[in-house]
Amino acid sequence: SVICYAVNDIEQIENLLHTEYDRYEILAVIDSRLYPDIFYSIVKQYGLIQVNTIVSDELSNTHIRALYRSRQRRFRRLVLLDEAYTSSYNSLDCATLVASYEYIIPLNASMRLREHAIEYASILISENREQAIVAIHSSADDECYIIKREYIISHDGFSATLFRDVPSTQILSTPTPLIYTIDNNGESRRRFRNNMCAVAFVILLFEMVY
């Protein structure tokens, strides 16, 4: 489950929708009262309608007003959350409650997924099932973590220390870059360290598994 909070551009949603991996979803979190323009632009763009969904009460201090999904099959993986914003951590917590899958990838407004990032992360998780991996960290992207949902719940949600508290023995590190960032002008600030080798490695792994 990919969580994008503080969304301010439909282009980010487009980037996340390009992933074709089956067991994958996007949870976009926006306060419709603070940012009505971007909120209703997303509703219109993807034909979203408000749905009745029972939300887990595993975390406190969350303020979800409504959930929206698309009637169009190609956009079914997208979920829009209307939340009463209090902090970025609470935005992440709201989406975590709605998330369907075992691992969470939190992204802010400037982050985008690299091609095959989800497929590669899925391979890593599958190959290390017996090691009780709680988090995956890309050493090429300092801000990129993938973290287990049950760990977030057991620590009462996101916080400044959530990732730092994960025991090092339960963190799987990879040199492969999984994200890139966009600056204020919409230009990508890509990190090229190990990039060509990493992309080739991802493609090779993907072909070996599938």
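Computed from heavy atoms alone, side chains included, the values below leave out hydrogens, waters and symmetry copies. Note that the structure is a prediction, hence the values are computed from the model and not measured.
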Quiz prompt | Distance-minimising heavy-atom pair for Ala66 and Gln50 | solution = CB-NE2, 3.5 Å

Quiz prompt | Contacts of type side-chain contact (heavy atoms from CB on, under 4.5 Å), residue Arg71, not counting sequence neighbours | solution = Ile49

Quiz item: So how far is it from Ile147 CD1 to His155 NE2, rounded to the nearest 0.5 Å?
Solution: 8.0 Å

Quiz item: Between the main-chain N or O of Glu25 and the side-chain N or O of Ser1, is there a donor-acceptor pair closer than 3.5 Å?
Solution: no

Quiz item: Where do Ala135 and Val166 come nearest, in terms of heavy atoms and distance?
Solution: CB-CG1, 4.4 Å

Quiz item: Just wondering, are more than 12 heavy atoms of other shown residues or ligands nearer than 6.0 Å to CZ in Arg76?
Solution: yes

Exercise. Apply side-chain contact (heavy atoms from CB on, under 4.5 Å) to the pair Val7 and Tyr35, showing each step before the final yes or no.
Key: CA-CA 9 Å; Val7 178; Tyr35 308 103; over 6 Å; no

Quiz item: Taking the side chain as C-beta and beyond, is there a heavy-atom pair between Tyr46 and Ile10 under 4.5 Å?
Solution: yes

Practice problem: Find the distance between CD1 (Ile3) and SG (Cys94) and round it off to the nearest 0.5 Å. | Solution: 9.5 Å

Quiz item: So which heavy atom on Asn8 is nearest to which on Ile38, and how close?
Solution: C-CD1, 3.9 Å

Practice problem: Side-chain contact test, heavy atoms from C-beta onward, threshold under 4.5 Å: evaluate it for Thr62 versus Thr96 and give yes or no. | Solution: no

Self-check item: Side-chain donor/acceptor of Arg112 to backbone N/O of Ala109, under 3.5 Å
Solution: yes

Quiz item: When rounded to the nearest 0.5 angstrom, what is the spacing between CG in Leu48 and CZ in Phe75?
Solution: 9.0 Å

Quiz prompt | N/O donor-acceptor pair under 3.5 Å between Glu102 side chain and Arg149 backbone | solution = no

Practice problem: State yes or no: are the ring centers of Tyr5 and Tyr85 separated by less than 6.0 Å? | Solution: no

Self-check item: Under 3.5 Å side-chain donor-acceptor pair for Ser32 and Asp82
Solution: yes

Quiz item: Where is the tightest heavy-atom contact between Asp141 and Thr176, given as atom of each residue plus distance?
Solution: OD2-O, 4.3 Å

Quiz prompt | Exercise: identify the closest heavy-atom pair between Tyr103 and Ile146 | solution = CB-CG2, 3.8 Å

Quiz item: Between Leu92, Asp93, Asn90, which is the residue that forms a side chain to side chain contact (heavy atoms under 4.5 Å, CB included) with Leu59?
Solution: Asp93

Exercise. Compare all side-chain heavy atoms of Tyr120 with those of Thr174 and state whether any distance is below 4.5 angstrom.
Key: yes

Quiz item: Can you find a side-chain donor-acceptor pair between Tyr24 and Ser122 that sits under 3.5 Å?
Solution: no

Quiz item: Under 3.5 Å, is there a donor-acceptor pair between the side chain of Asn108 and the main chain of Ala6?
Solution: no

Self-check item: Nearest atoms (heavy-atom pairs only) where Pro175 meets Ala140
Solution: O-CB, 3.4 Å

Quiz item: Within a reach of under 6.0 Å around OH of Tyr145, are more than 12 heavy atoms found that belong to other residues, nucleotides or ligands?
Solution: yes

Quiz item: In terms of hydrophobic clusters joined by side-chain contacts under 4.5 Å, are Tyr101 and Tyr151 together?
Solution: no

